[in-house]
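None of the values given here were measured: they were computed from a predicted structure. Order of listing sets the numbers, starting from 1, for every ligand and every atom in it. Computed from heavy atoms alone, side chains included, the values below leave out hydrogens, waters and symmetry copies.
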Amino acid sequence: MPKFGINMVYIAILGHGVVGSGVVEVMLHNADNINSRVKEEIFIKHILDLRSFPESPLASRFTTDFENIINDSEIRIVVEVMGGVHPAYDFVKRCLLAGKSVVTSNKELVAVKGAELIRVASENNVNFLFEASVGGGIPILRPLSQCLAANRVSEIAGILNGTTNFILTKMIKEQVSFEDALAEAQSLGYAERDPAADVDGHDACRKICILAALAFGKHVYPEAVYTQGIRSVKLEDVAYAENWGGVIKLIGLVREVENGKLQICVAPMLVSRESQIASVDGVFNGIKVNGDATGEIVFYGRGAGKLPTASAVVADIIDCVKHLSARKYLFWEDCDGSNIESYSKDVTGMYFRFKGDKAKILADAEERFGELKLLSRKGASEDEIAFVTTPHTIEELESFKAEQINQGAELLGSIRLLA
Ligand code: HSE
């Protein structure tokens with residue numbers, strides 16, 4: 001007999017990797033608490049995975065065949081924690097079309113197919129919830145779509161990837177090499193299956209796309225977003241950033257500009273020590289939202305890892321169970337990319353580090369950009385120069401860079417400012 005109500009609510013989980021096993025762990029460990037909240041008994045009936053897990057307390061519920069789940073009319077909610085677009089997209093869409101609500105942690109799926117899946121969910125009167133897709137255990141999508149609904153959001157700037165923040169923090173605080181820090185992040189279960197997705201900025205890109213779509217109402221496809229990772233960041237740049245008065249962070253940034261379009265990018269940025277997100281370290285994420293009524297709000301917490309991510313997934317399951325016959329409002333329209341402004345028009349200050357004829361590089365830079373902030377570090381060679389410019393368009397800054405390289409200077413580093 002069900003303990004908490006008249007009904008059992010049967011759910012299925014697609015995937016038993018880091019997040020999927022975390023969802024099972026949280027559901028089993030906190031079962032009484034969760035069931036008493038929803039006043040129903042939530043029962044995990046199937047878990048889809050190609051592997052078997054004989055040690056799992058739910059070993060008998062594993063299946064390798066998705067058809068067992070889609071054809072089971074008792075399943076009301078499907079939890080997709082497989083990752084990747086294929087076959088997750090096909091599975092999720094079929095579930096929504098079959099009248100099953102879906103909860104997912106899959107940021108790639110939401111960033112690429114979100115507008116369509118939200119529409120399909122709406123047409124089939126079911127819910128499609130994805131709180132865990134951004135910020136791991138940090139509540140951000142629900143606050144953005146509900147608690148901040150009265151605001152016009154002007155800007156979101158966030159440290160959205162735990163793995164790269166972990167690596168940068170190790171570089172800044174312990175002088176650990178990039179490779180060693182990445183290996184540690186992988187062993188702790190923070191990194192993507194292909195860590196290039198973290199290191200090259202694609203994971204953060206997917207997350208800023210989701211935040212932008214939710215905040216500004218139109219889908220933003222990842223390929224429309226200028227994306228740069230952290231591979232080129234050197235310990236020397238870290239030292240110059242310190243001298244400037246800040247730290248280097250991988251930032252996802254979106255803001256509405258005067259023509260109503262969005263400036264959106266992912267890149268390493270110099271963040272002033274004064275900024276609240278400068279002190280977001282390790283695997284933690286920090287997301288700064290500017291609303292016209294609230295002013296600045298910062299969300300902070302663990303952005304990756306098994307249990308923090310599972311926490312957000314299970315919260316969505318609970319929300320789905322509470323709204324089995326009502327729709328949760330989470331919506332944006334599809335868009336063809338006409339909502340995105342060219343990155344070359346973005347305006348920012350830029351840190352440059354060159355090797356070459358210092359006097360000439362300096363004179364050329366001052367002529368173009370006016371006053372510069374010269375930087376120093378211990379152990380720099382005689383022919384190394386580093387400075388930060390006043391704000392100019394990316395187009396002007398890139399043109400200066402190309403000109404200097406053409407004239408024989410060696411570019412050692414260039415990082416924009418978060419301003
Ligand atoms: N690889 C991701 C990160 C996991 O490091 O943030 C959470 O999305």
Indicate every side-chain donor-acceptor pair of residues 263-277 with a distance under 3.5 Å to a residue at least two apart or in another chain.
unit_1	atom_1	unit_2	atom_2	d
Q263	NE2	S342	O	3.1
S272	OG	E274	N	3.0
R273	NH2	E242	O	2.9
R273	NH2	E242	OE2	3.4
S275	OG	I277	N	3.2

Can I get a per-line list of side-chain donor-acceptor pairs under 3.5 Å for residues 172-182, giving both atom names and the distance, sequence neighbours left out?
unit_1	atom_1	unit_2	atom_2	d
K173	NZ	D281	OD2	2.7
E174	OE1	K170	NZ	3.4
S177	OG	D180	N	3.2

Under 3.5 Å, N/O to N/O: give me all the pairs between ligand 1 and the protein, one per line with atom names and distance.
unit_1	atom_1	unit_2	atom_2	d
ligand 1	1 (N)	Y190	O	2.7
ligand 1	1 (N)	E192	OE2	2.6
ligand 1	1 (N)	D198	OD1	2.7
ligand 1	5 (O)	G162	N	3.4
ligand 1	5 (O)	T163	N	2.9
ligand 1	5 (O)	T163	OG1	2.6
ligand 1	5 (O)	Y190	O	3.1
ligand 1	6 (O)	G162	N	2.7
ligand 1	6 (O)	K207	NZ	3.3
ligand 1	8 (O)	K107	NZ	2.5
ligand 1	8 (O)	K207	NZ	2.8

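No more than 12 heavy-atom neighbours from other residues, nucleotides or ligands sit within 6.0 angstrom of CZ on R193. The number of heavy atoms from other shown groups lying within 6.0 Å of CZ (R76) does not exceed 12.
At a cut-off of 3.5 Å, with distance as the only test, a side-chain donor of E341 or N259 sits close to an acceptor on the other residue.
Within the structure, every pair that satisfies the side chain to side chain donor-acceptor pair (under 3.5 Å) test and touches residues 53-65, not counting sequence neighbours, is listed here: T63-N68.
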